[in-house]
K.L.:
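Here's a structure for you.
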2 protein chains.
Amino acid sequence: MADRPLQVTVEDVAREAGVSRSTATRALRGHGRIAEATRTRVESVAGRLGYVPNLAASDLAAGGTGVVGLMLRDAANPVYGALFSRIEVAARDAGLELVTVTIGADPGGEQQVQALGRLLGMRVAGLLVATGGVDSHRLEPFASEVPIVRVGRDEPSAAIHAESYDEAWHGGLLAARAHELGHARVVVLGAEAATSFGEHERAEALVASLGATRVDRVATGAAPDDGVRDALAAVDAGATAVLCASDTRQLAVLRALAERGVDCSTSGWDGILPGLDLLGLSTVRVPVESAADAAVERLAALLDGDVDLPIHRRWRGELLPGRTLRPVEHA
Amino acid sequence: MADRPLQVTVEDVAREAGVSRSTATRALRGHGRIAEATRTRVESVAGRLGYVPNLAASDLAAGGTGVVGLMLRDAANPVYGALFSRIEVAARDAGLELVTVTIGADPGGEQQVQALGRLLGMRVAGLLVATGGVDSHRLEPFASEVPIVRVGRDEPSAAIHAESYDEAWHGGLLAARAHELGHARVVVLGAEAATSFGEHERAEALVASLGATRVDRVATGAAPDDGVRDALAAVDAGATAVLCASDTRQLAVLRALAERGVDCSTSGWDGILPGLDLLGLSTVRVPVESAADAAVERLAALLDGDVDLPIHRRWRGELLPGRTLRPVEHA
DNA sequence: GTGAAAGCGCTAACAG
DNA sequence: CTGTTAGCGCTTTCAC
């Protein structure tokens, strides 16, 4: 191997193999007609020299990449981790190469612009957007030039494809369960719209499905234990369950409950957390896998020029009954 | 905005702004001398046209990228999720742009070669390797051309930097705890070397620290409940604790124990899982944050040409006593 | 089957 | 302060 493998160019490989640059390229990329003998010779020279094709050059010359870009939200959250992982696997199975850029909790801010710019600047062949943090209006101008699929969140724009979760339905599941267990006054705990649109949407879905049930809505910031105090106050005032817009929040509530020795039903939302069965969490298992698979499949189809699906689709998960949401005890 | 923003070139912007291509570039990149008036004009034209610089072209012309590459292992595991997230944040704080490629559970295989090739092909300025799945000998040839920092796992090669965990010490922590609680016969449950080197290493560390304690070593495959049956058999035969090489495995054991109504101490390793406090898991909290921060900081320093650190460093976490590893009850 | 030549879109000296 | 001039490394017609 050369002492500076990354400095080796096709030119070098060609010279060393005694062929022209174009022949070397052909041999390496396996396109056009080429003599088998030449091909193997060039290949072995390339290997010996440690040649690593310069992608910038090749993308530029070829006028585009085969790579698809993924914009992701902070993976510390197991839900995004699971989504990421599943997208990754699906993409690999579909023969798509993926490059990922992540975006912190910086709604509407600098980061997303930059991340999006980077991916578009790479002239990715397609875009998967798995973060609520990116506004549709930023994406929209590019929708006609590169296929964009949003995953895990509803998409308002009709120009952008989406595979999301049927959160309204999920809310119905939880509300029905709470009702069935006799809860007549509950608190709904979840972020306000500006903090996390997803959580907000979930909370609203819950409230909407709760119908006649008396609801104390606690809208909070991003930190899991934001609003826990308020929720407990409502419990003291007579609420019999704290319905949370995410499992992380539910954990915070359980922690607070345990600490104060208060007994109260809770539920969450996500259903991804390893060990949630041991904890007995009552929650909704969100269909991460379906959405991820569908998004990748859809993108692959778009890249192939096929399109026949409705532009937006929603997937349904299931209720995990658990043990934290219990029947109301009548005094 | 142009009807085809991604087709707009500096040339177009320059023409529209009535300047030359190089002036336009200068205006956009803010290098060299440029009249403030021209700059704003060019900028506004670029904005209006929806110009997105072609990075392939710019990287090629500039002879390199500013981007650093991250090779990551499957993020479904909360530990990798946490690591990923922290690296991301640290990189952002350090002003580094990150592109990530992930590698499935394909030790030594095609995927890593491809992923590495993609990053090197992009001519990244530096490389962060956060997966055990990439062999050192693949990395080594490039270590002299691009700074490479391995994170979260020991690195055998002296050419490659590393910020890893002091697993031997962690093993000591757990072993001491088990001893102190009176466990005289334990089972150590963790993957075999070929399946997960990290887990294997942990298990070995445990065994080594366990000294005179009688140990049944159960070496398994990757699935969390592999080997659980064997572990329980050892418990039936008299072992008083099952020490696991990861928290995921510990969960599997707890599940099996609960199912069979058997009572037995357990411990895990990782300490990242949200809600582990509620579960009372006894485990070691691995110093993900320290390693991630150190790795990014080191890489940034390397990119600046500073180097003074020992090439390999190890970080120490802490014991989370929990409630799953309990004193042995004497009959 | 192979080589020569013309760029891809951008940057970076240089002059002016 | 701005325009001109060379490329960066690779792909791709098009002749031979």
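Per chain, numbering begins at 1; letters A, B, ... match sequence-line order.
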K.L.:
Does A:Arg21 make a side-chain N or O approach to OP1 or OP2 of D:dT11 shorter than 4.0 Å?
P.N.:
no
K.L.:
With DNA chain D as reference, determine whether B:Glu36 or A:Val52 sits nearer its 5' end, using the nearest nucleotide of each.
P.N.:
B:Glu36
K.L.:
B:Thr25 and B:Ser22: side-chain donor and acceptor closer than 3.5 Å?
P.N.:
no
K.L.:
Among the candidates D:dT12, C:dG9, D:dG3, find the nucleotide nearest to the side-chain atoms of B:Ala57.
P.N.:
C:dG9
K.L.:
Quick check on C:dT11: is either OP1 or OP2 less than 4.0 Å from any side-chain nitrogen or oxygen of B:Arg29?
P.N.:
yes
K.L.:
Map A:Ile34 and B:Thr23 onto DNA chain C by nearest heavy atom, then report which one ends up closer to the 5' terminus.
P.N.:
A:Ile34
K.L.:
Determine the sole option in B:Leu72, B:Val134, B:Leu116 for which the side chain to side chain contact (heavy atoms under 4.5 Å, CB included) test with B:Ile103 is passed.
P.N.:
B:Val134
K.L.:
Counting only heavy atoms from other residues, nucleotides and ligands, does the tally under 6.0 Å from CD of A:Glu297 exceed 12?
P.N.:
no
K.L.:
Between B:Asp59 and B:Arg123, does any NZ, NE, NH1 or NH2 come within less than 4.0 Å of an OD or OE carboxylate oxygen?
P.N.:
no
K.L.:
Can you tell me if the side-chain N/O atoms of A:Thr25 get under 4.0 Å from OP1 or OP2 in D:dT11?
P.N.:
yes
K.L.:
Can you tell me how far C1' of C:dA13 sits from CZ of B:Arg33, to the nearest Å?
P.N.:
15 Å
K.L.:
Using the side-chain heavy atoms of B:Val10, tell me which of these nucleotides is nearest: C:dT2, C:dC10, C:dG1.
P.N.:
C:dC10
K.L.:
C:dG9, C:dG1, C:dG7: which one has an atom nearest the side-chain heavy atoms of A:Ala35?
P.N.:
C:dG1
K.L.:
Taking N and O atoms by type only, does the side chain of B:Arg26 place a donor or acceptor under 3.5 Å from a partner on the base of D:dG3?
P.N.:
yes
K.L.:
Where the side chain of A:Thr38 is defined as all heavy atoms beyond and including C-beta, which of C:dG3, C:dG1, D:dC10 is the nearest nucleotide?
P.N.:
C:dG1
K.L.:
For the base of C:dA4, is there a side-chain donor-acceptor partner from A:Ser22 under 3.5 Å away?
P.N.:
yes
K.L.:
Of the options C:dG3, D:dG9, D:dT2, whose atoms approach the side-chain atoms of A:Ser20 most closely?
P.N.:
C:dG3
K.L.:
Counting heavy atoms from C-beta on, name the nucleotide in D:dC8, C:dG3, C:dC8 closest to the side chain of A:Ala61.
P.N.:
C:dC8
K.L.:
Ignoring backbone atoms, establish whether A:Ser58 has a side-chain N or O less than 4.0 Å from OP1 or OP2 of D:dC10.
P.N.:
no
K.L.:
Could you tell me the separation between the CG atom of A:Leu55 and the C1' atom of D:dC8, rounded to a whole number of Å?
P.N.:
15 Å
K.L.:
Out of D:dG9, C:dT2, C:dC10, which has the shortest distance to the side chain of B:Leu60?
P.N.:
D:dG9
K.L.:
Would you call A:Glu43 and A:Arg39 a salt bridge, using N to O less than 4.0 angstrom?
P.N.:
yes
